[in-house]
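Worksheet: the structure to be examined is printed underneath.
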Amino acid sequence: MNIPTKYNTQEIEGKWYDYWMKHNFFHSEVDDREPYTIVIPPPNVTGVLHMGHMLNNTIQDVLIRRARLLGKNACWVPGTDHASIATEAKVVAKLKAQGIEKNDLTREEFLKHAWEWKHEYGGIILEQLKKLGASCDWDRTAFTMDDSLSESVIKVFVDLYNKGYIYRGYRMVNWDPEAKTTLSDEEVIYEERQGNLYYIQYSVVGSDEKITIATTRPETVIGDTAICINPTDERYAHLRGKKAIVPICNREIPIIEDTYVDVEFGTGCLKVTPAHDENDKNLGDKHNLAVIDIFNEDATLNSFGLHYEGKDRFVVRKEIAKELEEKGYLVKIEQHTNKVGTSERTKAVIEPRLSDQWFLKMEELAKPAIKAVLSEENKEVKLFPKKFENTYRHWMENIRDWNISRQLWWGQQIPAYYFGDGKEDFVVAENREDAVRLAQEKTGNKDLTAADLRQDSDALDTWFSSWLWPMSVFDGIRNPENEEINYYYPTNDLVTGPDILFFWVARMIIAGYEYKDKRPFENVYLTGLVRDKQRRKMSKSLGNSPDALKLIETYGADGVRVGLLLSSAAGNDLLFDESLCQQGKGLGNKVWSAFYLTSLWEVSTELPQPESSKVAIEWYKAKFQKTLAEIEDHYSKYRLSDVIMSIYKLIYDDFCGWFLEVVKPNYQQPIDATTYREVIKTFEDNLKILHPFMPFITEEIWQLIAKRSPEEALIIAKYPEGEETNETLIAAFDFATDVVSGVRTIRKENNISFKETIDLSVINKENTSTDFDTIIKKLCNIENLSYTDNQIEGSKSFRVKSNEYFVPISADNINVEEELKKISEELKYTEGFLKSVQKKLSNERFVNNAPEKVVAIEKKKEADALAKIETLKNSLASLQ
RNA sequence: GGGCGAGUAGCUCAGUUGGUUCAGAGCACUUGGUUUACACCCAAGGGGUCGGGGGUUCGAAUCCCUCCUCGCCCA
């Protein structure tokens, strides 16, 4: 075998990905095996791979590859999300750059452009995921606006409408004046902004008195329809029932009373603008106030804005402050920080706005989803880490109706058809034919035709399609009893970020129970956010996000995968640093180099197996089993960083550091066939457990070890089975490694080169097994290992437990005083330790109250310490 | 303003019902080593009054109280 000394990531990763694809290993069909299903959190169709995607798709791939090795029918469904607002914004911007205004286009024309955009850029991110090694079933790639998925969305809308969950309401919504659409509450991000508090005087009708209010939004005075005071506030008691005059527009408005007003804030006197503030709207409804909307849809002022018509609200804020000041209405301006809602997508400041929108009633629908996650006795959906249950509870128990309409074209058009101008003059139907029929029934007008119907121009919120994702990708909405949905659903694990716990995860659970009466998935792994070393979020604007593909080029996909997982416990933020990838690459290098070593060996069938190799093989098998059990435990808790760390240590320390060093034949000497066979077997087991994390290099080595048919590829190999761990053997070996370390220390302290053979004598007070003597001899380059009852003069010593070891060295190197000092210190420490143990044991309350096991342990400690002290004292005596 | 969570080695974090897996891991650091698979390596080491204070207990990183400092979610 001619193996290159270095591993070339680029070439090999491409080769094996193609091989896996060619042999359809990622593809899943319904069969008799147990299914294991993950649906990808669909990234935005026009998105580009960033660190967050890398992390969460690596985790999914680890889980799916492991399931495949465990013999399950692993199915990972990939796809993308149409991301209505983000994509539409991009298309609008692109058209604008070409001199085309969206408003000049018809809906059909615009959608044509949008689909062109999708076909050009859509799915780039999926190609990038392939570079990472993602073993998705690409034949199943879905898009939230595929015909079948869109039909599912419409079907669900109609169904929920018919069940009375969807209604149309004139409500205060979050308005994004830049995208000119509403947003759900979840899409609004509150930010602290430095602003001003303006104190403005209103004249009181029929008196010379002025009343001063404080507001952060002076531009809305034009829309004021009342002044509100607190009925308990004596300062304003005399104003009850009076009227005030709005500055500039000189309208008379009532002074109303409501306990809602905070007496402490500002002047304790509030201006009420029902069209532009949610709380004011509530007050307005309660007190029957007029509503004056002064804004256009782009948040410039409309004709109610008088001479400010056409100007932006922030411009008007400055100008009106100036006018108020000039006319003597402005009392003062104070600095004030307040929270401002901004759009998650466009960053524009949100305007509360009254409009007709579609809403989904959530309270009833949420009930099964609350129970599924929070029930103590029967938890059907588990969140990892558990701490997110509290967040989930808080949101679900205070859930508000979901505004599902968006004033966008890119998305599923709301299937409501209007036949008149009245508030109730509409029907909801899956298609126009049904709508005509329903409209005829509703109106009693048999002559009504399709031409008389006007479909609602709004589209549905993107999340209204992605909440069906785990069902719709298997066509479970349109064909609820089809073979695939019955087989793959409920899915097993969902891996996503905590930022979309409400947007997506909670709603999928809701939809799952409503439409399948089953959870959509069993476990939810919430990853942390990827931050940079300074704990800043990775973002484009900060420029602190590394180029994902470049990382893969530099460190290899395997290296990046391991790097990402090494320091990312579930739910913890990941402080990303490129050196992590270097560490990942280092592991690959280590494995490669170990393989390279075995490839150099010449195998001899003549040679007998050395005792040391035989013992080492037994030990490594035991150690492997112990690690395997640990790994299983970590997996069961979704602690993937602990899984990879266990494997990392197994390979670096146990396999390479100890095992290979023992079985390695001397330079240019052949290895016996039995040992070689066992080494290769253990190597293969290592590759299997490493494969989910480093799929490429493991497959490459697997295929170099032996010629394999496609059926024998590592990706579909059989995961090692767990067996009972031989703890005794492991403990005995640990003792031997302590001896080896002791010898190494003596070599180092005395500048004895490893090439130089030495002798070792042992007083075996502990009566340890001699099974590992051959190993100790080999690893320490010992000529003679002998057992004795006496101190050896002219030697340096060390102790493991109460055993004492002597390495004879030349007289020049022996400094009796130093030895004495060293041993005295060791003795002092051990005596101190003994004292503390004995103090505990002489405490009656401890002996009486502590469990027997704990007392026994303390007694063992005492005995060990006593034995060691005896050894140390003997050493001292012999030196003096 | 309301809720949740976290403070353990220089850094990132483990540490399950209080007791040998209780003071740990990886990285970083120091020292030594071109030993013939790997310097992307090996070996040996140093380093923490477990955020502060108080309490319960035979025994506290772990339970309780209090203070301090951060983070997240919601309004």
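In what follows, chains carry the letters A, B, and so on, assigned in the order in which the sequence lines appear, proteins first and then strands, with residues in each chain numbered from 1.
With hydrogens and angles left out, the side chain of A:Glu661 and the base of B:A37 share a donor-acceptor pair within 3.5 Å. A donor-acceptor contact under 3.5 Å is not formed by the side chain of A:Lys387 with the base of B:C4. You won't find any donor-acceptor pair under 3.5 Å spanning the side chain of A:Lys860 and the base of B:U20, going by distance alone.
Aromatic ring pairs are classed by plane angle as parallel below 30°, tilted from 30° to 60° and perpendicular above 60°; the pair A:Trp601 and A:Tyr676 is perpendicular. Ring orientation note: the planes of A:Phe833 and A:Tyr829 are close to parallel, at an angle under 30° on the 30°/60° scale. Ring pair A:Phe772/A:Phe733 is perpendicular by interplanar angle, where above 60° counts as perpendicular and below 30° as parallel.
Remark: B:U30 base-pairs with B:A44. Criterion, Watson-Crick or G-U wobble with two distances under 3.5 Å. Using N1 to N3 plus N6-O4 or O6-N4 for Watson-Crick, or N1-O2 and O6-N3 for G-U wobble, each under 3.5 Å, B:C13 pairs with B:G24. Applying the Watson-Crick and G-U wobble criteria (two distances, each under 3.5 Å), B:C70 pairs with B:G5. Of all nucleotides present, none satisfies the Watson-Crick or G-U wobble test against B:U62 with each distance under 3.5 Å.
Under 4.0 angstrom from either OP1 or OP2 of B:A75 there lies no side-chain N or O belonging to A:Asn398. At the phosphate of B:C40, neither OP1 nor OP2 sits under 4.0 Å from any side-chain N or O atom of A:Tyr555. A sub-4.0 Å separation between OP1 or OP2 of B:C27 and a side-chain N or O of A:Ser579 is absent.
A:Asn403 and A:Thr182 form a side-chain donor-acceptor contact under 3.5 Å, judged by distance and modelled atom types alone.
A residue-by-residue look at A:Arg744 and A:Asp653 shows that A:Asp653 has its nearest nucleotide of RNA chain B further toward the 5' end. Positionally, the nearest nucleotide of RNA chain B for A:Lys649 lies more toward the 5' end than for the other of A:Arg400 and A:Lys649.
Rounding to whole angstrom units, CG of residue A:Leu660 and P of B:C38 are separated by 13 Å. In this structure, CD of A:Glu389 is placed 20 Å from P of B:G3, rounded to the nearest angstrom. Computed from coordinates, the A:Arg747 CZ to B:U35 P distance equals 14 Å when rounded to whole Å.
The glycosidic torsion of B:U20 lies within 90° of 0, which places this base in the syn conformation.
Spacing between B:U34 and B:A43 at atom P, rounded to whole Å, works out to 16 Å.
One finds no salt bridge joining A:Lys778 and A:Glu661 here, because no Lys/Arg side-chain nitrogen approaches an Asp/Glu carboxylate oxygen to under 4.0 Å.
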